[in-house]
Amino acid sequence: MSILVLPLQLLAVVVTVLLFVFGVRRLLGVRLSPLRTLAAGIIAFALAPLVINAVGASVVQHHRVTTTLPALWFAMLGVAIALLIGMLLLVVAEALVPSGTLPGPVYVIRGARRRLSRGRRYVQIAAILVRRGMLPYLRGARRAELASPEGRRQLALSLRRALEDGGATFVKLGQVLATRRDLLPPEFIDQLVGLQDDAPRLPWAEVEGVLRSELRADVRERFASFEQRPLAAASIAQVHAATLPDGKAVVVKVRRPGIARVAEWDIDIVIRLARRLERATSWGRGVGAVALAEGFAGALREELDLRIEASNLSAVAAAASTGRGRAAVDTPRADEDMCTAEVLVMERLQGRALRSISASDEIGDREALAGALLDFLLRGVLLDGIFHADPHAGNVVLLDNGRLGMLDFGSVGRLDAALRRALQRLLLAVDRGDPALLCDALLDIVARPEELDETGLTRALGAFMARHLGLGLEAGVRMFGDLFRILAEHSLTVPGDIAAAFRSLATVEGTLTALDPGFRIIDHTRAFAVAQLAAQFSPGALRSAASGELIALEPILRRLPRRIDRIGGALEAGSLTVNVRLLSDARDRGFITGLAHQFVLAFMAATTGVIAVLLLGLHGGPAVTRSVTLYAFLGYSLLVCAGVLALRVLVLVFRLDASR
């Protein structure tokens with residue numbers, strides 16, 4: 001029997017603790033974190049003997065109680081007080097740290113692993129900054145060197161090398177920065193442009209291993225020929241020329257081994273830095289650093305899966321087949337049977353990258369080519385709803401036949417019909433110089449806050465249009481920067497898809513500059529929008545639109561005469577009534593019920609507390625012990641009940657505040 005004593009004692013303790021946990025949970029009436037409730041139950045269990053001794057045992061010992069019934073009453077009161085203490089701890093914890101704001105234990109363990117990996121990555125990045133001499137600039141030192149062109153060139157070279165050493169994510173970040181001529185001096189742009197195609201090259205052995213693993217065959221079995229020397233090496237993948245067994249010339253894009261895991265670490269670092277930047281600086285809040293970092297992270301994750309790029313190529317080809325006039329810009333077609341997450345096989349476009357063409361090269365009509373490229377992007381944004389999200393000069397090819405080709409569809413943007421119509425109205429407002437129409441078009445695009453100074457926004461947009469319209473290409477990038485600044489000042493949040501479209505238009509400005517320095521992007525965009533809107537309001541288009549609307553309204557129009565007749569008859573007979581169902585929405589009923597519940601609990605807590613105080617103030621009455629009367633005992637018990645009811649009200653209030 002002695003062997004069973006310890007297990008039975010442990011079982012009794014566990015059962016008692018669970019009863020205390022259940023009591024705290026049921027008395028509070030709200031489901032909170034299981035771990036937090038368990039902790040409160042354990043504390044209540046631990047305090048129960050102390051409270052019982054203080055409340056009951058001392059009374060029995062010092063006042064010579066001759067029966068066990070009063071002692072049992074005081075023991076029960078002590079247990080109730082211990083439960084009340086557990087409830088109080090839960091309510092205080094809920095007020096200070098609401099449920100759901102702390103991660104669970106499994107997440108904490110996984111997060112510790114991620115922090116360990118991220119810590120190693122931080123050390124690597126810090127070592128790169130020290131090796132490339134970038135750390136003093138991050139601390140704000142040696143800024144005088146930025147005053148001279150030579151100093152800026154040296155710093156830009158160091159930055160480029162540091163980004164290359166940092167790996168794919170930071171190379172991609174450098175590519176994005178290379179498109180922001182509004183943020184960086186020309187010396188930095190000149191260096192960062194080299195990151196477009198000049199990433200370190202993978203050795204052939206690693207490329208062959210990826211191909212064999214993904215295609216499940218030897219390279220010689222799937223290709224008639226395969227160039228081991230890459231055509232280009234980018235941050236995510238590198239490209240090789242090859243020939244299929246049927247003689248078709250293709251390019252094979254191979255993702256760098258292990259790049260996905262490292263990219264996730266780097267994305268985590270970038271987002272955390274963006275959060276700190278947005279929290280600590282007004283500039284970070286103004287530009288929406290976290291939203292920008294998350295958009296960059298989403299685009300990078302898409303580029304890591306080459307199947308998405310194959311799908312994007314198919315979608316672009318399908319849009320081109322609708323007959324919207326994309327003949328001036330070619331896009332490659334993917335061989336979907338040979339495409340995986342790490343390998344992409346697509347048609348090869350013969351030509352030269354636009355960034356390798358100088359202003360003195362003879363390439364034909366530069367203005368016509370620039371117009372064709374801008375039309376390609378505008379048609380994707382305004383008409384087809386799918387567009388290239390990164391049209392920098394490294395992704396545009398001047399083909400041998402004199403036309404343009406577009407490469408690298410790993411990152412594309414998509415817009416639904418409603419957003420495309422809103423953008424068309426926006427361009428129409430720009431063409432007319434109408435700030436009120438521009439304000440209405442923007443409010444159809446952005447997330448509108450509850451309180452908005454619409455008059456002030458209209459005036460700001462009017463000043464914006466007066467400042468930028470008619471300035472031509474020189475105003476292109478500044479225009480987008482000022483527009484985003486106006487939206488941020490009025491707490492207007494731009495959806496990610498629209499932000500991608502604006503960013504794509506800002507990026508193509510640099511590409512058009514390389515192609516034709518005198519090209520006027522604003523004038524061409526306005527002309528394009530006017531032409532498309534004019535086409536939409538042509539007699540044929542109006543007839544088609546009217547026919548579609550009539551077909552949609554036909555069931556309503558057929559029922560309308562009967563309904564008008566019934567309404568007229570009811571008016572004539574004086575029997576027209578309107579039924580209004582109050583609180584028909586379940587959410588409204590739930591809100592009213594919750595308020596009534598809290599009011600009743602608060603009233604009961606106050607009433608019980610007042611009665612308890614009155615009972616404690618009464619003299620005389622049946623004696624439970626020599627110093628405690630029945631009225632006093634009932635008063636103490638009612639005080640505990642009042643505390644329980646008050647805590648139930650408080651926890652509901654704290655949970656309501658946390659959910660807002």
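Not one N or O on the side chain of Glu342 forms a donor-acceptor pair closer than 3.5 Å with the backbone of Glu214. No side-chain donor-acceptor contact under 3.5 Å links Arg212 to the backbone of Val219. Formation of a donor-acceptor pair under 3.5 Å by the Asp384 side chain with backbone atoms of Ile386 is not found in this model. Looking only at distances, no side-chain donor or acceptor of Ser213 sits under 3.5 Å from a matching main-chain atom of Gly209.
The aromatic rings of Phe376 and Phe409 stand perpendicular to each other, their planes meeting at an angle above 60°, with 30° marking the opposite boundary.
The existence of a salt bridge linking Arg132 and Asp165 is confirmed by a sub-4.0 Å separation between a basic side-chain nitrogen and an acidic carboxylate oxygen. Contact check on Glu206 versus Arg256 returns no salt bridge, with no Lys/Arg side-chain nitrogen under 4.0 Å from an Asp/Glu carboxylate oxygen. A salt bridge between Arg255 and Asp305 is absent, with no side-chain N of the basic residue lying under 4.0 Å from a carboxylate O of the acidic one. Ion pairing between a basic and an acidic side chain is recognised when a charged N comes within 4.0 Å of a carboxylate O; Asp246 and Lys248 show no such pairing. Ion pairing of Asp408 with Lys253 is present here, as a side-chain N (NZ or NE/NH1/NH2) and a carboxylate O approach within less than 4.0 Å.
Leu377 CG to Leu374 CG: the interatomic distance, rounded to the nearest 0.5 Å, is 6.5 Å. Atoms CG and CD, from Leu382 and Gln424 in turn, are 5.5 Å apart once rounded to the nearest 0.5 Å. With values rounded to the nearest 0.5 angstrom, Thr331 atom OG1 is found 7.5 Å from Leu349 atom CG. Between Leu383 atom CG and Leu423 atom CG the span is 11.0 Å, to the nearest 0.5 Å. One distance of note links CZ of Arg160 with OG of Ser158; it measures 12.0 Å at 0.5 Å rounding. Rounding to the nearest 0.5 angstrom, the gap separating the CZ atom in Arg301 from the CD1 atom in Ile267 is 4.5 Å.
The two residues Arg201 and Ala233 come nearest to each other via the heavy atoms CG-CB, 3.8 Å. In terms of heavy-atom proximity, Glu347 sits nearest to Pro332 at O-CB, 3.4 Å. The shortest non-hydrogen separation linking Ala224 to Leu244 is CB-O, 3.6 Å. Here the closest non-hydrogen pair linking Ala242 and Phe226 is CB-CD1, 3.7 Å. Nearest heavy atom pair, residue Gly351 against residue Asp400, reads CA-OD1, 3.6 Å. Taking each heavy atom of Pro391 and Val396 in turn, the nearest pair found is O-CG2, 4.4 Å.
Around atom CD of Glu367, no more than 12 heavy atoms belonging to other residues, nucleotides or ligands sit under 6.0 Å away. Counting non-hydrogen atoms of other residues, nucleotides and ligands closer than 6.0 Å to CZ of Arg161 gives a total of 12 or fewer.
When side chains are defined from C-beta on, Val130 does not count as touching Ile128, because their heavy atoms never get closer than 4.5 Å. Residues Ser504 and Val381 form no side-chain contact, since every pair of their non-hydrogen atoms from C-beta on lies 4.5 Å or further apart. With a 4.5 Å cut-off on side-chain heavy atoms, Leu404 and Leu399 do not count as touching. Side-chain contact between Arg425 and Leu438: absent, with no pair of heavy atoms (C-beta onward) separated by less than 4.5 Å. A heavy-atom distance below 4.5 Å is not found between the side chains of Val252 and Leu344. Contact check for Ile308 versus Val412: no side-chain heavy atoms found under the 4.5 Å cut-off. Taking the side chain as every heavy atom from C-beta outward, His388 and Asn395 approach each other to under 4.5 Å. By the 4.5 Å heavy-atom criterion applied to side chains, Val250 and Asp335 are not counted as neighbours.
For the 3.5 Å distance criterion, the side chains of Arg414 and Asn312 qualify, holding a donor opposite an acceptor.
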Exercise for review: Please test Leu407 against Val251 for side-chain contact (heavy atoms from CB on, under 4.5 Å), starting from the C-alpha separation and ending with a verdict.
Suggested key: CA-CA 11 Å; Leu407 304 176; Val251 293; over 6 Å; no

Exercise for review: Tell me, with the steps shown, if Met338 and Phe223 meet side-chain contact (heavy atoms from CB on, under 4.5 Å).
Suggested key: CA-CA 11 Å; Met338 298 180 66; Phe223 300 95; 3.5 Å; yes

Exercise for review: Could you walk me through whether Gln228 and Val207 pass side-chain contact (heavy atoms from CB on, under 4.5 Å), step by step?
Suggested key: CA-CA 9 Å; Gln228 296 185 10; Val207 175; over 6 Å; no

Point to revise | Worked check of side-chain contact (heavy atoms from CB on, under 4.5 Å) between Leu306 and Thr340 | key: CA-CA 6 Å; Leu306 298 184; Thr340 68; over 6 Å; no

